[in-house]
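Remember, it's 1-based here, ligands and their atoms both numbered in the order they're listed. All values derive from a computational prediction rather than experimental measurement. When reading the values below, keep in mind they use all heavy atoms of this one structure, side chains included, and skip hydrogens, waters and symmetry mates.
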Amino acid sequence: MLTGKQIVIGVTGGIAAYRAAELVRLFVKAGAQVHVVMTSAATEFVTPLTFQTLSGNPVHIDLFNLISEREIGHITLADRADVIVVAPCTANLVGKIASGLADNLLTTTIMATRAPVLLVPAMNSNMWDNPIYQSNQARLVEWGYHFVEPVSGLLACGWQGKGKMAEPEDVFEETVRLLAPADLAGETILMTAGPTREELDPVRYLSNYSSGKMGYALARAARRRGARVILVSGPTCLEPPGGVTFIKVTSAEQMRKAVLENLSQCSVVIKAAAVADYRPAERAMRKIKKGKQEQMQLNLVKNPDILAEIGKAKKGQLVVGFAAETHDLEAHALRKLESKDLDLIVANDVSRPQAGFEVDTNLVRLYYRNGESEQWPLMNKFEVADRLLDCVIRLRCSTPVQREEGQ
Ligand code: CTP
């Protein structure tokens, strides 16, 4: 994913310095070339050897080291970087950058770069609240520096409050977003994902095998590419991607309400959720007890077809549906494309072992409203997501959206 990218990671002197090791590992695993620059205070917390071993590159510390300055000086690092990430970033470093100070290798590299700079502060909660720190951060944001703010928790100094370094996975995600083309900037995309659960009684429900992986991959990819994303999700085991508006639902009725409430502010709808078509006619208030009878009939009623309702209610939005089939894929997909008034339908044969529910890969065929169709090879769901978003961008160029007044 980050193959060919050059990432400079600055590590400053804070107890969270050890968490930068995990961040380096994530970037290296994603294929990036990582160059670590440590302040001398950082070396009091973690040895340079740790970062050298994880990154596979020499670690840079001292601005005035003649050998390393000749081989790769601060200007080379600044020029080479596709992005500079400082994690953890002390209040001191934020203050120095905001004041234009360039007194060590890290601050000089930051001063000299044209690459985006992402700062990941970690500090005591009182330092975080200090108006001097806050005004320094605000100035840097104004100048185009990016931040992943700290989270609340028990701090190393014993205080409870905001100041803990954000999770390395969240810093990774934000970095990927900075590196991705912002070709979906300006779009608001409503995604649905996962299954719905239709409750029978307090301990049982009807549902399906959808894991939510495809919808979450789409939400993550769209967010990385600059879209505002509203993810309406049925129950899954997945962590919602950072930066998306997440609406958790359980039943088809709840999903319908959340989708229709948000439809008017969206330019694109992608409906990857596997909605239960029927629900129990009645939900028992107490657990249904096993009787003497050998058979039992469930009385079911039809759920609303959310996608068909979107098809009727849409005002220029581009609408993409999914079709999970086990047979007659083309006929069923084309019927859904037409009857739900979609612009595009992504059909997959869920009976195939590497496609559809639960697995990380998908094998899909796309059917467009103009009669075109394309078969894609087996890909992981992140690749499918990115390629599908390419199609969305192409189609959006010819589909103007009419937002409701005031939105
Ligand atoms: N869908 C929906 N509301 C429903 C059923 C389906 O919004 N009550 C959406 C799904 O999110 C998906 C598309 O419609 O984008 C097709 O879903 P699928 O389950 O494949 O088809 P159904 O319309 O339910 O038809 P069938 O179950 O007969 O295949």
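- Ion pairing between a basic and an acidic side chain is recognised when a charged N comes within 4.0 Å of a carboxylate O; E22 and R25 show such pairing.
- Looking at residues two or more places apart in sequence or on another chain, you find a ring pair (Phe, Tyr, Trp, His ring centres under 6.0 Å) between F27 and F172.
- The residue H332 has no part lying near ligand 1, judged by heavy-atom distances below 4.0 Å.
- A cation-pi arrangement is found for R387 relative to W376, the charged atom lying closer than 6.0 Å to the ring centre and inside a 45° cone about the ring normal.
- Closest to atom 29 (O) of ligand 1, if we only count protein heavy atoms, is K336 NZ, 2.8 Å.
- Salt bridge E149/K164: absent, no basic N to carboxylate O contact under 4.0 Å.
- Between R283 and D201 there is no salt bridge, since no side-chain nitrogen of the basic residue lies less than 4.0 Å from a carboxylate oxygen of the acidic one.
- At a 4.0 Å cut-off, not a single heavy atom of M255 sits close enough to ligand 1 to count as contact.
- Between P88 and V11, some side-chain heavy-atom pair lies under the 4.5 Å cut-off.
- Which of I345, V275, N348 comes nearest to atom 4 (C) of ligand 1 through a heavy atom is settled by distance: it is V275.
- Atom 14 (O) of ligand 1 has as its closest protein heavy atom K340 NZ, 2.9 Å.
- The N/O atoms of A274, backbone and side chain alike, include none that comes under 3.5 Å of an N/O atom in ligand 1.
- For atom 16 (C) of ligand 1, the nearest non-hydrogen atom of the protein is F322 O, 2.8 Å.
- Checking Y368 against S373 by side-chain atom types alone, no donor-acceptor pair falls below 3.5 Å.
- Among D277, T196, V259, the residue whose heavy atom lies nearest to atom 27 (O) of ligand 1 is D277.
- Neither the backbone nor the side chain of N303 comes within contact range of ligand 1; no heavy atom lies under 4.0 Å.
- Within the structure, the closest approach of A323 to ligand 1 falls below 4.0 Å when heavy atoms are considered.
- When heavy-atom distances to ligand 1 are checked against a 4.0 Å cut-off, P304 comes that close only through its backbone atoms N, CA, C and O.
- Checked against a 3.5 angstrom limit, the closest N/O atoms of T192 and ligand 1 fall outside it.
- The presence of a protein heavy atom under 4.0 Å from atom 7 (O) of ligand 1 is confirmed.
- Taking distance alone, with nitrogen or oxygen atoms compared against 3.5 Å, K271 approaches ligand 1 more closely than that limit.
- Among V350, D305, L337, the residue whose heavy atom lies closest to atom 2 (C) of ligand 1 is D305.
- Interface of G321 with ligand 1, defined as ligand atoms under 4.0 Å from a residue heavy atom, comprises 15 (O).
- Polar contact with ligand 1: absent for A272 (N/O pair, distance under 3.5 Å).
- Nearest protein heavy-atom neighbour of atom 10 (C) of ligand 1: A273 O, 3.4 Å.
- Ring orientation note: the planes of F246 and Y216 are nearly perpendicular, at an angle over 60° on the 30°/60° scale.
- Taking 4.0 Å as the cut-off between side-chain N and carboxylate O, E187 and R396 count as a salt-bridged pair.
- Considering backbone and side-chain atoms together, A324 places an N or O closer than 3.5 Å to an N or O of ligand 1.
- Summary of contacts: the protein heavy atom closest to atom 3 (N) of ligand 1 is I306 N, 3.1 Å.
- For the pair E261 and K257, the salt-bridge criterion is met [side-chain N within less than 4.0 Å of a carboxylate O].
- Other residues, nucleotides and ligands contribute at most 12 non-hydrogen atoms within 6.0 Å of the CZ atom of R352.
- Partners of E338 according to the salt bridge (Lys or Arg N to Asp or Glu O under 4.0 Å) rule, which considers only residues two or more places apart in sequence or in another chain, are R369.
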